Amino acid sequence: MPKMVFIERDGSHKEVDAPLGLSVLEIAHRNNVDIEGACEGSLACATCHVVVDATWYEKLNEASEDEEDMLDLAFGLTRTSRLGCQLIITDALDGLTVTLPGSSPSMLMD
Ligand code: FES
């Protein structure tokens with residue numbers, strides 16, 4: 001089974017199972033990762049915002065126009081921001097790493 005990693009707001013890394021076909025938002029909810037996802041994936045909020053690791057960002061399908069519009073409303077938007085409910089796990093995304101927005105950088109640099 002693919003895995004993915006959430007980097008939480010305190011900088012800790014949480015590696016979890018990432019079943020094929022589930023969204024990053026659904027996986028977060030299954031694993032008690034603190035992403036809200038208020039609209040349950042219907043592109044009507046931006047509370048499922050995650051910051052994707054730069055190397056992974058290149059491998060994702062491009063965001064739809066609706067996703068881009070919603071992302072503009074997200075708090076703490078970055079160049080590699082996406083909406084977690086729109087990221088669906090495939091084999092190619094095994095190891096996907098995303099950071100919860102507002103995280104403080106890890107103090108453990110070495
Ligand atoms: S859960 Fe609302 S846009 Fe993703």
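Keep in mind the model is a prediction, meaning the values are calculated, not measured. The basis for the numbers below is simple: all heavy atoms, side chains too, and nothing from hydrogens, waters or symmetry mates. Whatever order the structure lists them in is the order used to number ligands and atoms, beginning at 1.
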Search all heavy atoms of Ser81 against all heavy atoms of Gly76 and return the closest pair with its distance. OG-O, 4.4 Å
Applying side-chain contact (heavy atoms from CB on, under 4.5 Å) between Leu60 and each of Ile88, Val52, Thr90, Thr80, report the one that passes. Val52
Which heavy atom of Leu83 sits nearest a heavy atom of Glu67, and at what distance? N-OE2, 3.0 Å
How about Ser12 and Asp10: does a side-chain donor come under 3.5 Å of a side-chain acceptor? yes
Nearest heavy-atom pair of Leu25 and Gly41: which atoms, and what distance? CD2-N, 4.3 Å
Ignoring waters, how many protein N/O/S atoms are under 2.8 Å from atom 2 (Fe) of ligand 1? 2
Asp69 meets the side chain to side chain donor-acceptor pair (under 3.5 Å) criterion, sequence neighbours left out, with none
